[in-house]
Amino acid sequence: MAALGSPLRTWRGLLRELRYLNAATGRPYRHTAAYRYLVKAFRAHRVTSEKLCRAQHELHFQAATYLCLLRSIREHVALHQEFHGKGERSVEESAGLVGLKLPQQPGGKGWEP
Amino acid sequence: MWRSCLRLRGGGRHLLTCPRGGLSASEGLGPKPPAHTRAYVPPAERKRFYQNVSITQGEGGFEINLDHRKLRTPQAKLFTVPSEALAVAVATEWDCQQDTIKTYTMHLTTLCNTSLDNPTQRDKDQLIRAATKFLDTDTVWLVASAALSGSRTQGVASGHRTFSRRPPAHHLSAGSRMARPWHPAAGLLVCILPAPGFFSGYRVEEPETLVELQRNEWDPVIGWAERRYGVKIGSSTSIMGPSIPARTREVLVSHLASYNMWALQGIEFVVSQLKSLVLTLGLIDLHLTVEQAVLLSRLEEAFQIQKWGSVEWAHDYELRDLQARTAAGALFVHLCSESSAVKHKLL
């Protein structure tokens with residue numbers, strides 16, 4: 001069985017991701033279908049019968065997977081916009097990316113206006 | 001493709017309508033500064049053309065509505081998914097798009113579209129064959145042997161010996177926001193030193209750590225798979241991989257055959273992301289979490305990162321993408337293969 005941690009932690013993480021998702025649209029995240037569904041699912045499976053606990057783990061696993069999906073997408077988009085989303089870089093930017101700087105020529109290079 | 005052609009033609013027309021004598025006397029006197037535009041501009045994303053996203057339950061399953069218009073697949077089929085949770089997740093994907101629709105973040109929608117349209121027209125057998133194709137060269141079999149990984153690590157680390165000298169500090173702070181500390185693992189400045197015995201101390205020590213890491217991390221997973229499915233696998237240090245017994249293959253094929261088409265599409269997707277059938281099975285049987293499976297899949301890369309450092313725009317970027325895809329595939333498999341039934345206690 002995979003180590004998942006506490007369900008409360010997963011739940012809080014999911015709420016955080018939902019807040020991030022709905023921060024841009026400006027609507028409160030509590031009005032979304034995802035929030036309602038998650039609340040319902042978490043409440044309904046809060047107590048399972050002790051005979052077979054697999055279902056609880058299964059739902060917790062799905063919740064953790066969904067949390068991983070939302071978080072990874074958010075971080076991926078942030079990295080994409082930072083590094084890859086603006087097209088090709090100029091020579092100065094490419095040099096700056098690895099900590100280098102283009103040489104300065106005091107009199108100009110000759111072709112500037 | 002045609003869209004880009006149209007754009008090119010438009011651009012061409014724009015060029016043609018420009019005055020031919022661009023450098024005529026009147027304009028040549030006041031030369032314009034060269035426009036500092038980027039050579040490649042990423043293609044424009046589609047605008048978000050809807051306000052509200054809702055879910056309705058139809059005959060074939062759950063449907064997504066974008067402002068009273070039904071969502072359709074690329075082949076114009078009605079978008080219907082079998083489970084409510086999947087519909088909620090897909091609707092959330094559409095709902096959280098801000099100004100433009102970023103299709104590369106919508107992995108669950110992509111998986112549903114593939115399952116509904118089946119653009120490559122594959123049947124169940126072909127899907128299972130595509131998934132079990134990875135069994136021969138599964139990532140977790142190929143433990144680096146001392147000789148093999150010695151030669152590989154030599155290629156990575158000592159054959160292409162990277163500079164380990166950092167530039168002066170004022171270069172680091174002088175750059176713009178994009179400036180990042182120069183990094184040896186970036187692979188951007190590589191000086192090839194083809195002296196094979198030059199860094200021999202390296203080759204002896206480093207593979208041993210890697211082999212130990214791989215044995216410690218991968219062997220429990222292989223052991224779990226052998227116990228879970230009652231098969232014999234074993235690992236190999238040869239580049240050809242172990243010879244998988246025919247019975248192992250039969251058992252795994254018959255196990256995969258118990259999934260439906262939707263789940264199989266997801267399984268094949270995850271297998272092709274992780275390059276490993278065993279890790280995928282561990283993920284689907286709730287033995288590994290997504291983070292663990294992804295880490296095990298790119299163990300050697302993690303080892304190199306530990307040694308050389310992580311580069312944000314390459315390593316982290318790929319890690320997040322791989323995690324997102326794997327999580328989407330695993331969730332898709334779970335949501336498509338489950339059949340939930342509510343049974344109340346008799347009091």
Side-chain angles (χ1 to χ4, degrees), chain A residues 1-5 17-18 20-22 24-25 27 32-38 41 44 49 54-55 57-62 64-80 82-90 92-101 111-113, chain B residues 31-33 36 38-42 53-55 84-85 88-89 91-92 95-96 98 102 104-105 107-108 166-167 171-172 174-176 178-183 186 188-189 282 286-292 312-313 316-317 319-324 326-328 330-331 334-335 338 342 345:
Chain A
M1 178 43 77
L4 288 170
E17 295 304 322
L18 286 182
Y20 274 121
L21 287 184
N22 289 282
T25 51
R27 277 171 295 178
T32 55
Y35 177 77
R36 285 197 297 269
Y37 184 86
L38 285 170
S49 68
R54 191 163 172 240
H57 286 307
E58 202 170 321
L59 279 159
H60 187 199
F61 188 89
Q62 285 176 13
T65 309
Y66 191 50
L67 171 61
C68 177
L69 172 67
L70 292 181
R71 187 188 288 154
S72 303
I73 286 179
R74 177 169 59 81
E75 289 168 352
H76 178 73
V77 168
L79 283 174
H80 184 81
E82 169 88 26
F83 293 112
H84 300 274
K86 297 175 199 153
E88 200 171 299
R89 291 190 182 87
S90 68
E92 287 86 355
E93 279 176 324
S94 308
L97 209 59
V98 287
L100 301 176
K101 210 169 84 174
W111 61 76
E112 294 98 342
Chain B
K32 290 176 200 160
H36 201 273
R38 291 170 182 258
Y40 167 75
V41 179
V53 184
S54 59
I55 301 167
E84 189 192 355
V88 169
T92 308
D95 200 18
C96 69
Q98 296 173 9
K102 297 183 177 60
Y104 57 87
T105 62
H107 300 301
L108 286 173
R166 287 177 177 269
H171 280 179
L172 298 181
S176 62
M178 302 293 282
R180 288 285 182 279
W182 187 88
H183 222 290
L188 289 167
L189 289 177
L286 316 185
H287 179 68
L288 299 167
T289 61
V290 178
E291 287 91 345
Q292 285 168 343
E312 200 178 16
W313 71 84
D316 286 357
Y317 184 76
L319 172 69
R320 300 290 185 268
D321 196 27
L322 188 60
Q323 269 187 359
T326 311
L331 194 66
H334 282 136
L335 294 181
E338 74 178 0
V342 179
K345 262 186 190 171

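Below, all heavy atoms of this structure are taken into account, side chains as well, without hydrogens, waters or symmetry copies. Proteins come first, then strands; the chains are lettered A, B, ... in the order of their sequence lines, and each starts at number 1.
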Engaged part of A:A34 at the chain B interface, taking heavy atoms whose separation is under 4.5 Å = both
message = For chain A, which candidate among B:V53, B:L331, B:I55, B:V290 shows the most heavy-atom pairs at distances under 4.5 Å?
response =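 Of the options given, most contacts go to B:L331.
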Spatial distance of atom [atom1] ([X]) from atom [atom2] ([Y]) [nearest 0.5 Å]:
X	Y	atom1	atom2	result
B:L108	A:Y66	CG	OH	7.5 Å
A:E82	B:E312	CD	CD	7.0 Å
B:C96	A:R74	SG	CZ	11.5 Å
A:F61	B:L288	CZ	CG	7.5 Å
B:D316	A:F83	CG	CZ	8.5 Å
B:L286	A:H60	CG	NE2	11.5 Å

task = Return the option, out of A:L67, A:T32, A:L21, A:L38, with the maximum number of heavy-atom pairs under 4.5 Å with chain B.
result =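 Sorted descending by pairs with chain B, the first entry is A:L21.
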query = In terms of heavy-atom pairs under 4.5 Å with chain B, which of A:R71, A:Q62, A:R36 leads?
reply = A:Q62
If every non-hydrogen atom of [X] is compared with every non-hydrogen atom of [Y], which pair is closest and at what distance?
X	Y	result
B:A330	A:T65	CB-CG2, 4.2 Å
A:I73	B:A324	CG1-CB, 3.8 Å
B:R320	A:S72	O-CB, 3.5 Å

inquiry  = Would you say that more than 12 heavy atoms from the other residues, nucleotides or ligands in this model lie under 6.0 Å from the OH of A:Y20, or not?
reply    = no
key: Heavy-atom side-chain contact between B:T92 and A:Y37 under 4.5 Å   =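 A side-chain contact under 4.5 Å is absent here.
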query = With a 4.5 Å limit on heavy-atom distance, are the side chains of A:R27 and B:D95 in contact?
reply = yes
key: Contact class of B:A91 relative to chain A, heavy atoms under 4.5 angstrom   =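 Interface part for B:A91: neither.
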request  = Could you tell me which portion of B:Q98 (side chain, backbone, both or neither) has an atom closer than 4.5 angstrom to a non-hydrogen atom of chain A?
outcome  = side chain
ask   = Which residues satisfy the side-chain hydrogen bond (donor to acceptor under 3.5 Å, both in side chains) test with A:H76, sequence neighbours excluded?
value = none
